[in-house]
**Q** 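Dumping the structure here so I can ask a few things about it.
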Amino acid sequence: MDLLTRIKGPRDLDRLSLGELDQLAEEIRTFLVDAVSKTGGHLGPNLGVVELTIALHRVFESPKDKVLWDTGHQAYVHKLLTGRQDFSRLKSKGGLSGYPSRAESDHDIIENSHASGVLGWADGMAKANEVLKKDDHVVAVIGDGALTGGMAWEALNNIAAAKDRPLVIVVNDNERSYAPTIGGLANHLATLRTTDGYERFLARGKDFLERTPVVGRPLYDTLHGAKKGLKDFIAPQGMFEDLGLKYVGPIDGHDIEALESALQRAKRFGGPVIVHCLTEKGRGYTPALEDEADRFHAVGKIHPDTGLPISTSGLDWTSVFGEEMVKLGQEREDIVAITAAMLQPVGLGKFEEAFPDRIYDVGIAEQHGAVSAAGLATGGLHPVFAVYATFLNRAFDQVLMDVALHKCGVTFVLDRAGITGTDGASHNGMWDMSILQCVPTLRIAAPRDADQVRAQLREAVAVDDAPTVVRFSKGAVGPAVQAVGKVGGMDILRKPKAARPDVLIVSVGALAPMCLEIADLLDAQGISSTVVDPRWVKPVDEALAPLAERHRVVVTVEDNSRAGGVGSAVAQALRDAGVDVPLRDFGIPPVFLDHASRGEVMTDIGLTAPDIARQVTGLVAKLDGRFESRAVEPARD
């Protein structure tokens with residue numbers, strides 16, 4: 001790591017020769033494999049952008065020039081070159097974020113790790129430079145997968161309208177998002193990727209032209225910047241230039257000299273330019289290259305030599321859903337599946353193997369996926385759209401106005417719901433039960449264990465006249481939590497010992513074991529409680545208000561924002577029913593949460609059994625004190 005340890009900032013790269021830059025690239029790959037194998041993280045994407053990141057920081061002067069990363073999971077190399085080389089606690093509390101982070105460095109401009117938004121940022125920042133007459137350069141790095149998102153094309157439409165507003169768009173084309181990129185854009189990029197006639201034409205003439213005195217090199221540069229007519233004759237790259245965007249490429253994304261040449265030309269152009277770079281996801285690491293699923297897009301702790309996991313966890317929520325989907329597909333021919341470029345991460349790999357003609361990958365386009373689902377439902381099928389909970393936020397209008405308004409039987413399955421932890425603020429699935437509360441007719445299921453995932457998924461796809469949602473957590477599923485009774489459509493998980501119990505605990509989803517622990521802690525304080533799992537948290541079960549009326553206090557516990565969440569919905573239902581019982585709602589405060597483990601985050605926000613039990617005990621004690629003071633209060637005439 002001789003060269004890497006000498007890099008304290010981007011300008012340290014200026015002193016290195018081309019040979020040293022190639023050595024640095026190899027050192028960075030060795031560092032990444034060693035470091036990320038110990039912590040887990042996004043390995044494949046970063047192995048693919050080593051030379052590209054070096055070239056970017058040699059050509060542009062960050063942070064004066066703004067280098068923006070779409071999604072940001074490929075920014076580890078950027079972190080290394082901007083002075084952040086302690087990866088020992090990557091994605092852990094107190095360590096480096098797995099994405100760009102303004103708190104870490106002035107070199108990090110945007111940190112929202114949802115895809116396809118970088119071109120909108122770049123458009124706005126380039127406009128700001130124009131108004132303020134700044135000479136800063138704005139560079140947006142976007143993958144071919146992120147280019148499948150509609151927001152990217154909305155931005156391109158605006159960017160192309162300003163022919164003389166400088167902006168460099170670097171397309172990092174590795175043929176993949178998580179999995180191979182699909183769709184018409186992917187096919188077009190593949191054509192550019194495989195049509196090397198233009199570059200071969202230039203390469204054959206390069207040596208001759210450079211030997212030609214005076215005019216040789218300028219002529220070569222002119223040909224490299226040739227207008228569409230000549231270039232389209234040899235390579236069909238006209239789509240971008242038809243939009244009014246200067247196109248440079250395709251460029252070998254692992255040739256630092258070629259990259260620097262292309263980026264320098266783009267920097268000098270004075271208008272919007274696309275630099276199309278061909279990279280290899282997982283480059284230099286055999287286990288990643290041999291992983292056909294996603295080229296080690298994201299890994300846990302692995303053995304650096306083999307790429308095999310250090311340890312395996314038990315059955316996880318995603319796998320339970322995936323296996324049940326296959327069974328449903330076998331039983332019902334109308335069941336189809338939708339994914340937004342995340343086939344394997346959301347557990348639909350086995351469904352694709354079993355029913356390759358009944359699954360649709362829409363690319364990174366959740367809005368389109370939701371509308372397409374409405375169309376599928378209207379056409380007579382029942383679509384199951386599996387997506388991370390945090391990404392459904394992007395399709396709210398479509399869920400509301402296309403699916404719900406039209407009474408379409410669409411099931412949304414939300415993976416990684418609640419606190420996910422290590423991926424940081426943008427990946428916590430903590431908003432879904434809040435933003436969906438206001439959608440008429442929509443129903444939300446929050447399974448507490450694997451058995452309930454299977455059962456409630458079946459209940460959800462049986463609904464053909466309204467949208468349904470099934471949400472579950474990240475990681476391993478705990479043991480089954482058995483019901484000991486039923487009230488309405490709700491499961492009783494614990495019955496009270498007292499005839500007039502003190503506390504009704506409304507347990508939401510995967511927090512059932514915690515709620516049972518809370519009940520045990522209360523019982524030790526002489527406070528009796530009932531624990532109920534509503535199963536379907538929207539709409540609130542009609543049996544809940546009468547049940548609450550038989551208790552002195554109602555407590556809701558959810559892995560979702562307290563603002564507008566299940567607790568708010570239960571409180572509203574009690575008010576509507578005229579039930580005047582004190583209610584305390586426990587959940588996630590309306591803040592952006594720093595990256596840390598799920599357990600650490602829950603401890604920090606007080607969402608643990610001891611914290612909740614302590615507060616409930618205090619509330620009950622206050623009620624007891626109030627009743628006693630009333631008992632001794634003298635009568636008044």
**Q** Do Ile605 and Leu593 have side chains that get closer than 4.5 Å, going by heavy atoms?
**A**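 Contact flag for Ile605/Leu593 side chains = yes.
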**Q** Under a 4.0 Å N-O cut-off, is there an ion pair linking Lys79 with Glu104?
**A**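 Counted as a salt bridge, because a side-chain N and a carboxylate O are separated by less than 4.0 Å.
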**Q** May I ask you to test the Met125-Ile109 pair for a side-chain heavy-atom distance under 4.5 Å?
**A**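 With C-beta onward as the side chain, the pair touches.
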**Q** Is the gap between the ring centers of His427 and Phe391 under 6.0 Å?
**A**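 They qualify: ring centres under 6.0 Å apart.
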**Q** Taking the six-membered ring for Trp, are His78 and His107 parallel (under 30°), tilted (30 to 60°) or perpendicular (over 60°)?
**A**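 Correct class here is perpendicular.
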**Q** Please determine whether side-chain hydrogen bond (donor to acceptor under 3.5 Å, both in side chains) holds for the pair Asp108 and Ser105, giving the CA-CA distance in whole Å, both sets of side-chain angles, and the decisive distance to 0.1 Å.
**A** CA-CA 6 Å; Asp108 292 0; Ser105 173; 4.6 Å; no
**Q** What distance do Ser97 atom OG and Arg84 atom CZ have between them, rounded to the nearest 0.5 Å?
**A**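 Atom-to-atom, Ser97:OG and Arg84:CZ are 9.0 Å apart.
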**Q** Can you tell me how far apart CG (Leu24) and CD1 (Ile54) are? Round to the nearest 0.5 Å.
**A**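 Going from CG on Leu24 over to CD1 on Ile54, the span is 4.5 Å.
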**Q** Does Asp14 have more than 12 heavy atoms from other residues, nucleotides or ligands lying within 6.0 Å of its CG?
**A**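 Enclosed.
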**Q** If you take all heavy atoms of Val601 and Asp594, which pair is closest and at what distance?
**A**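 What the structure gives for the nearest pair is CG2-O, 3.9 Å.
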**Q** Does Lys350 reach the main-chain N or O of Gly347 with its side chain, forming a donor-acceptor pair under 3.5 Å?
**A**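 No, the answer is negative, given that no donor and acceptor are paired below the 3.5 Å cut-off.
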**Q** Using a 3.5 Å distance criterion without hydrogens, assess whether the side chain of Asn560 forms a donor-acceptor pair with backbone atoms of Met433.
**A**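 Present.
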**Q** Are Glu600 and Thr603 close enough, and set up right, to give a side-chain hydrogen bond (donor to acceptor under 3.5 Å, both in side chains), and what steps lead you there?
**A** CA-CA 5 Å; Glu600 287 171 331; Thr603 297; over 6 Å; no
**Q** Would you call Asp559 and Arg598 a salt bridge, taking side-chain N to carboxylate O under 4.0 Å as the test?
**A**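 Yes, Asp559 and Arg598 are salt-bridged.
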**Q** Pairing donors with acceptors under 3.5 angstrom, does anything connect the side chains of Thr279 and Asn172?
**A**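 Their side chains do contain a donor-acceptor pair, which is all the 3.5 Å distance test asks for.
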**Q** Specify the closest pair of heavy atoms between Leu119 and Ile159, including all atoms of both residues, with the distance to one decimal.
**A**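 Smallest interatomic distance, heavy atoms only, reads O-CD1, 3.7 Å.
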**Q** I would like to know whether Asp135 and Lys64 meet salt bridge (Lys or Arg N to Asp or Glu O under 4.0 Å); could you show each step before the answer?
**A** CA-CA 9 Å; Asp135 61 355; Lys64 180 178 183 290; 2.9 Å; yes
**Q** Between Lys301 and Thr39, which heavy-atom pair has the shortest distance, and what is it?
**A**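 Looking at all heavy atoms of both residues, the shortest contact is CG-C, 4.1 Å.
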**Q** Run the salt bridge (charged side-chain N to carboxylate O under 4.0 Å, His left out) test against Arg614 and tell me which residues pass, sequence neighbours left out.
**A**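 Arg614 satisfies salt bridge (charged side-chain N to carboxylate O under 4.0 Å, His left out) with Asp611 once adjacent residues are dropped.
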**Q** Is Arg89 close to Leu96 at the side-chain level, that is, under 4.5 Å between some pair of heavy atoms?
**A**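 Leu96 vs Arg89: side chains apart.
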**Q** Is the count of non-hydrogen atoms from other residues, nucleotides or ligands lying under 6.0 Å from Lys127 atom NZ greater than 12?
**A**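 Counting neighbours around NZ of Lys127, more than 12 heavy atoms of other residues, nucleotides or ligands fall under 6.0 Å, so yes.
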**Q** Taking Glu366 for the side chain and Leu392 for the main chain, is one N or O donor matched with an acceptor at less than 3.5 Å?
**A**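 Not confirmed, Glu366 side chain does not pair with Leu392 backbone.
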**Q** Under a 3.5 Å distance rule, please check whether Glu257 uses its side chain to pair with a backbone N or O of Asp255 as donor and acceptor.
**A**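 Such a contact is absent between Glu257 side chain and Asp255 backbone.
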**Q** Consider side-chain contact (heavy atoms from CB on, under 4.5 Å). Of Thr148, Thr71, Leu147, Ile364, which one does Ser116 pass it with?
**A**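 Exactly one candidate clears the test, Ile364.
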**Q** Answer whether the closest heavy-atom distance between the side chains of Ile142 and Val170 falls below 4.5 Å.
**A**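 Heavy-atom side-chain distance check fails, nothing below 4.5 Å.
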**Q** With a sphere of 6.0 Å drawn around NZ of Lys134, does it hold more than 12 non-hydrogen atoms of other residues, nucleotides or ligands?
**A**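 Open: at most 12 neighbouring heavy atoms sit under 6.0 Å from NZ of Lys134.
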**Q** I need the minimum non-hydrogen distance between Val59 and Gln264, along with the two atoms involved.
**A**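 Closest heavy-atom pair between Val59 and Gln264: CG1-CD, 3.8 Å.
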**Q** What pair of heavy atoms forms the shortest contact from Ala417 to Ala389, and how long is it?
**A**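 Shortest heavy-atom contact: CA-CB, 3.7 Å.
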**Q** Does either side chain, that of Thr318 or that of Asp415, offer a donor lying less than 3.5 Å from an acceptor on the other one?
**A**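 Present: a donor and an acceptor within the cut-off.
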**Q** Run the numbers on Val118 and Ile110 for side chain to side chain contact (heavy atoms under 4.5 Å, CB included), then give the verdict.
**A** CA-CA 8 Å; Val118 73; Ile110 56 175; 3.9 Å; yes
**Q** Do the charged groups of Lys93 and Asp604 touch, with an N to O distance under 4.0 Å?
**A**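 Counted as a salt bridge, because a side-chain N and a carboxylate O are separated by less than 4.0 Å.
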**Q** Run the side chain to side chain contact (heavy atoms under 4.5 Å, CB included) test on Glu27 and Leu4 for me, step by step, so that the C-alpha distance in whole Å, both residues' side-chain angles and the decisive distance to 0.1 Å come before the verdict.
**A** CA-CA 7 Å; Glu27 288 186 13; Leu4 180 57; 3.6 Å; yes
**Q** Strictly distance-based, threshold 3.5 Å: is any side-chain N or O of Asn428 a donor or acceptor partner for the main-chain N or O of Met430?
**A**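 Between the backbone of Met430 and the side chain of Asn428 there is no qualifying donor-acceptor contact (under 3.5 Å).
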**Q** Can you measure from CG (Asp585) to OG1 (Thr556) and round to the nearest 0.5 angstrom?
**A**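 These two atoms lie 4.5 Å from each other.
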**Q** Is the side chain of His254 donor-acceptor paired with the backbone N or O of Arg283 at a distance under 3.5 Å, no angle test?
**A**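 Between the backbone of Arg283 and the side chain of His254 there is no qualifying donor-acceptor contact (under 3.5 Å).
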**Q** Give a yes or no on whether the backbone of Ile256 and the side-chain of Glu51 come within a donor-acceptor separation of less than 3.5 Å.
**A**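 Checked: no pair found.
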**Q** Going by heavy atoms in the side chains, are Leu3 and Leu21 under 4.5 Å from each other?
**A**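 Not touching, per the 4.5 Å side-chain cut-off.
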**Q** Are Ser507 and Val557 close enough, and set up right, to give a side chain to side chain contact (heavy atoms under 4.5 Å, CB included), and what steps lead you there?
**A** CA-CA 5 Å; Ser507 168; Val557 185; 5.9 Å; no
**Q** Measure from the side-chain N and O atoms of Arg416 to the backbone N and O of Thr390, and report whether any donor-acceptor pair falls under 3.5 Å.
**A**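 It does not hold such a pair.
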**Q** Is it true that Glu130 and Arg165 have a side-chain N and a carboxylate O under 4.0 angstrom from each other?
**A**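 Salt bridge present between Glu130 and Arg165.
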**Q** Roughly how far apart are Ile338 CD1 and Leu348 CG, rounded to 0.5 Å?
**A**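 Rounded to the nearest 0.5 Å, the CD1-CG separation comes out at 10.0 Å.
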**Q** Please report the interatomic distance CG(Leu245) to CG(Asn157), rounded to the nearest 0.5 Å.
**A**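 Answer for the CG-CG pair, Leu245 versus Asn157, is 9.5 Å.
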**Q** Please find the pair of heavy atoms, one from Val273 and one from Ala266, that lie closest to each other, and give the distance.
**A**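 Smallest heavy-atom distance, with atoms named: CG1-CB, 3.8 Å.
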**Q** Do the charged groups of Lys267 and Glu260 touch, with an N to O distance under 4.0 Å?
**A**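 No.
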**Q** Does Asp136 offer a backbone N or O that forms a donor-acceptor pair with the side chain of Asn129 under 3.5 Å?
**A**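 The answer is yes, because a donor-acceptor pair under 3.5 Å joins these two groups.
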**Q** Side-chain donor-acceptor pair under 3.5 Å between Ser37 and His303, yes or no?
**A**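 The criterion, which ignores hydrogens and geometry beyond distance, is not satisfied for His303 and Ser37.
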**Q** Measuring only between side-chain heavy atoms, which start at C-beta, is Leu80 closer than 4.5 Å to Phe87?
**A**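 Side chain of Leu80 against side chain of Phe87, heavy atoms only: contact under 4.5 Å found.
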**Q** Tell me, do Trp317 and Val453 make a side-chain contact under 4.5 Å, heavy atoms counted?
**A**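 Yes, close enough: below the 4.5 Å cut-off.
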**Q** State the CG-CD1 distance between Leu81 and Ile28, to the nearest 0.5 angstrom.
**A**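 Between Leu81 CG and Ile28 CD1, I get 4.5 Å after rounding to 0.5 Å.
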**Q** Check whether Arg471 reaches the backbone of Ala446 with its side chain - one donor and one acceptor, N or O, closer than 3.5 Å.
**A**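 No; zero donor-acceptor contacts below 3.5 Å.
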**Q** Just do the side chain to side chain contact (heavy atoms under 4.5 Å, CB included) check on Asp65 and Glu61 with the steps written out, would you?
**A** CA-CA 5 Å; Asp65 294 331; Glu61 190 179 338; 3.7 Å; yes
**Q** Mind telling me whether Tyr99 and His73 have parallel, tilted or perpendicular rings, with 30° and 60° as the class edges?
**A**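 If you compare the ring of His73 with that of Tyr99, the planes turn out tilted.
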**Q** Answer whether the closest heavy-atom distance between the side chains of Tyr388 and Leu414 falls below 4.5 Å.
**A**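 SC-SC contact between Tyr388 and Leu414 ruled out.
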